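Take a look at the structure set out below.
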Amino acid sequence: DIYSFSMVIYELLYNEIQYKNLNDYQIVCKLIKNERPKLNKNVNKQLSFLIYIIEKCWYQDPDQRYCADCIIDLISDAIKNAIKIENEII
């Protein structure tokens, strides 16, 4: 699901596994309380769009979360922009 995808992005971005010391019950309790990991917004500028995606995927109401197609479009656009910037530098 979209929330789980955002957690994978979080773990890749911060190189940190969330909830690794919690059991399933504790994790579910955190999710029900809408508790999310803290986002350090001090990341590589080219990767900062991932924080935006994570936040949108963490909405408590699944209907407010990004759909998979939206995420694909955002990531595709970010890759295209990065390639364009790279080509301008070279």
Side-chain angles (χ1 to χ4, degrees):
D1 77 335
I2 297 300
Y3 176 85
S4 298
F5 174 78
S6 69
M7 290 305 295
V8 171
I9 296 294
Y10 177 94
E11 291 175 2
L12 291 170
L13 185 62
Y14 295 110
N15 194 30
E16 178 181 319
I17 297 175
Q18 280 300 307
Y19 309 132
K20 65 181 173 187
N21 297 321
L22 301 178
N23 63 40
D24 290 344
Y25 176 77
Q26 291 169 315
I27 294 170
V28 169
C29 287
K30 284 189 168 292
L31 298 179
I32 290 171
K33 293 178 189 174
N34 202 26
E35 293 180 19
R36 305 293 191 251
K38 290 190 177 16
L39 291 171
N40 178 354
K41 298 196 178 190
N42 188 22
V43 297
N44 180 307
K45 185 178 178 182
Q46 290 181 330
L47 298 177
S48 62
F49 76 98
L50 292 173
I51 293 173
Y52 178 74
I53 291 174
I54 291 169
E55 289 175 326
K56 290 288 284 184
C57 293
W58 279 356
Y59 281 133
Q60 187 73 5
D61 179 359
D63 291 334
Q64 291 183 313
R65 296 178 190 164
Y66 273 146
C67 65
D69 289 338
C70 294
I71 294 169
I72 290 169
D73 289 344
L74 286 169
I75 293 173
S76 294
D77 289 346
I79 291 170
K80 288 175 191 171
N81 287 336
I83 290 170
K84 181 180 174 184
I85 291 169
E86 183 73 23
N87 289 337
E88 290 174 357
I89 294 173
I90 296 175

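Values in this document were obtained by computation on a predicted structure and should not be read as measured data.
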Met7/Tyr19 under side chain to side chain contact (heavy atoms under 4.5 Å, CB included): CA gap, chis, key distance, verdict: CA-CA 10 Å; Met7 290 305 295; Tyr19 309 132; 3.9 Å; yes

Would you find a donor on one side and an acceptor on the other, under 3.5 Å apart, between the side chain of Arg36 and the backbone of Trp58? yes

With a cut-off of 3.5 Å and sequence neighbours excluded, list every side-chain donor-acceptor pair involving residues 66-85.
{"residue": "Tyr66", "atom": "OH", "partner": "Tyr52", "partner atom": "OH", "Å": "3.2"}
{"residue": "Ser76", "atom": "OG", "partner": "Ile72", "partner atom": "O", "Å": "2.9"}
{"residue": "Asn81", "atom": "ND2", "partner": "Asp77", "partner atom": "O", "Å": "3.4"}

So, using side chain to side chain donor-acceptor pair (under 3.5 Å) as the criterion, who are the partners of Glu16 when residues are at least two apart? Gln18

Is there a continuous path of hydrophobic side-chain contacts, each under 4.5 Å between heavy atoms, that joins Tyr14 to Leu12? no

Does Lys38 offer a backbone N or O that forms a donor-acceptor pair with the side chain of Tyr10 under 3.5 Å? yes

Ion pair present between Glu55 and Lys41, side-chain N to carboxylate O less than 4.0 angstrom? yes

Closest approach of Cys57 to Arg65 (non-hydrogen atoms, all atoms of both residues): O-CD, 3.2 Å

With a 3.5 Å distance limit and no angle check, can you tell me whether Tyr3 reaches the backbone of Pro62 through a side-chain donor-acceptor pair? no

Greater than 12 external heavy atoms within 6.0 Å of Asn23's CG: yes

Between Ile53 and Lys56, is any pair of side-chain heavy atoms under 4.5 Å apart? no

Ile51 vs Leu13 side-chain heavy atoms within contact, under 4.5 Å: yes

What is the minimum heavy-atom distance between Ile32 and Gln60, and which atoms define it? O-NE2, 3.6 Å

Which pair of heavy atoms, one from Lys30 and one from Leu22, lies closest together, and at what distance? CE-CD1, 3.5 Å

Hydrophobic cluster membership, Ile9 vs Tyr59, 4.5 Å side-chain cutoff: no

Is it the case that atom CG in Asn15 sees more than 12 heavy atoms from other parts of the structure closer than 6.0 Å? no

